[in-house]
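Counting starts at 1 for both ligands and their atoms, following the listed order. The chain is numbered in sequence order, starting from 1.
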Amino acid sequence: MWPAFDAPEQQFDEHRRRMVREQLRGHGIADERVLAAMARVPRHRLVPDEWRSRAYDNRPLPIGENQTISQPYMVAIMTQLLRLQGHERVLEIGTGSGYQAAVLAELAAEVFTIERLPELGQRAAQTLSPLGYGNIRFGAGDGSVGWPEHAPYHGIVVTAGAPAIPARLVEQLLPHGHLVVPVTDGRFQVLHQITRDPDGGFHTNRLFPCAFVPLIGEQGYPPGGN
Ligand code: SAH
């Protein structure tokens, strides 16, 4: 059974442990730090109340404003692709619920996250600070051009689908840093991992199909579609 909305925290803890065991470890997520981080972040506190009982299902959930919190498996894969060790400065585009930001905050030194819809960004900030995530900085605006004031980053993750690899984001990566971004390719989005080479160039790893809400902005799609 799913826990009731006001179920004791313990019941959510149990569901979260099962999520990590079955949906993540059971499906090939092998980075122990990522698994431990996702065993800690209280996802049920970051979804709207009416979805709380489903917070640990392996599916995206609505978070208002026509946006979604990504499914746990996708969060795990994207986080794993950044290969974080603990000392890094990381940028996330698309704060949404704040869940991905919290997972990153467990694994890196500093997290910068930017959201174009102010209501979502504010809600995420208000939810995460009492949970003790003091190493996250929240920004409002078009993150498709990155957040140049705090660049360069060891890793950048885009949690919305881009029409092409956003060049402005690649420029904000440190050598050996990774950009993880869903990019539209024909009728599908394909998850890309772009790695900055020490000589300033970069190489691209095309991974697998995925489905994200669109990235809206200068290096994304024009507004109006959503
Ligand atoms: N990472 C989120 C998932 C968010 S869904 C989570 O863990 O819950 C994608 C988010 O990207 C949406 O909230 C959407 O508003 C936002 N977004 C889309 N285009 C953006 C842009 N150019 N800059 C910043 N945020 C953007």
Go through it in stages, so that I can follow the logic: the residues are E22 and Y56, the test is side-chain contact (heavy atoms from CB on, under 4.5 Å), and I'd like the CA-CA distance, side-chain angles, deciding distance and then a yes or no. CA-CA 11 Å; E22 293 176 5; Y56 297 103; over 6 Å; no
Just say parallel, tilted or perpendicular for the rings of H44 and F12, cut-offs at 30° and 60°. parallel
Give the atoms of ligand 1, by number and element, whose distance to some non-hydrogen atom of [X] is under 4.0 Å.
X    : result
T95  : 1 (N), 2 (C), 6 (C), 8 (O)
L120 : 13 (O)
S144 : 22 (N)
Q100 : 1 (N), 7 (O)
D142 : 21 (C), 22 (N), 23 (N)

Is the contact between [X] and ligand 1 made by the side chain, the backbone, both, or neither, using heavy atoms and a 4.0 Å cut-off?
X    : result
I114 : backbone
E65  : neither
V213 : side chain
T159 : both

May I ask whether P214 has any heavy atom positioned less than 4.0 angstrom from an atom of ligand 1? yes
If the contact criterion is a heavy-atom separation under 4.0 Å, does G141 count as touching ligand 1? yes
Is it the case that ligand 1 has an N or O less than 3.5 angstrom from some N or O of [X]?
X    : value
L215 : no
L117 : no
S97  : yes
G143 : yes

Indicate yes or no: does E32 engage R25 in a salt bridge with an N to O separation below 4.0 Å. yes
Can R206 and D185 be counted as an ion pair, charged N to O under 4.0 angstrom? yes
State, with a plain yes or no, whether a side-chain heavy atom of [X] is found less than 4.5 Å away from one of [Y].
X    : Y    : result
R83  : Q193 : yes
P62  : W51  : yes
F138 : E115 : no

To the closest 0.5 Å, what do you measure between OG (S70) and CD1 (I77)? 12.5 Å
Name the option, out of [options], that contains the heavy atom nearest to [atom].
atom                    : options             : result
atom 5 (S) of ligand 1  : N66, V103, T68      : T68
atom 22 (N) of ligand 1 : L61, I216, I69, V47 : I216
atom 15 (O) of ligand 1 : R116, Q219, E115    : E115

Given the rule in the salt bridge (Lys or Arg N to Asp or Glu O under 4.0 Å) test, do E9 and R45 qualify, once you have shown the distances and angles that lead to the verdict? CA-CA 10 Å; E9 285 294 306; R45 306 279 284 271; 3.8 Å; yes
In the hydrophobic clustering (ILVMFWY, side-chain contacts below 4.5 Å, transitive), which residues join I93, or is it alone? L91, F112, I114, W147, Y153, I156, V158, I165, L169, V170, L173, L179, V181, V183, I194, F202, L215
Cluster membership besides F188, Ile/Leu/Val/Met/Phe/Trp/Tyr side chains within less than 4.5 angstrom, sorted by chain and number, is none
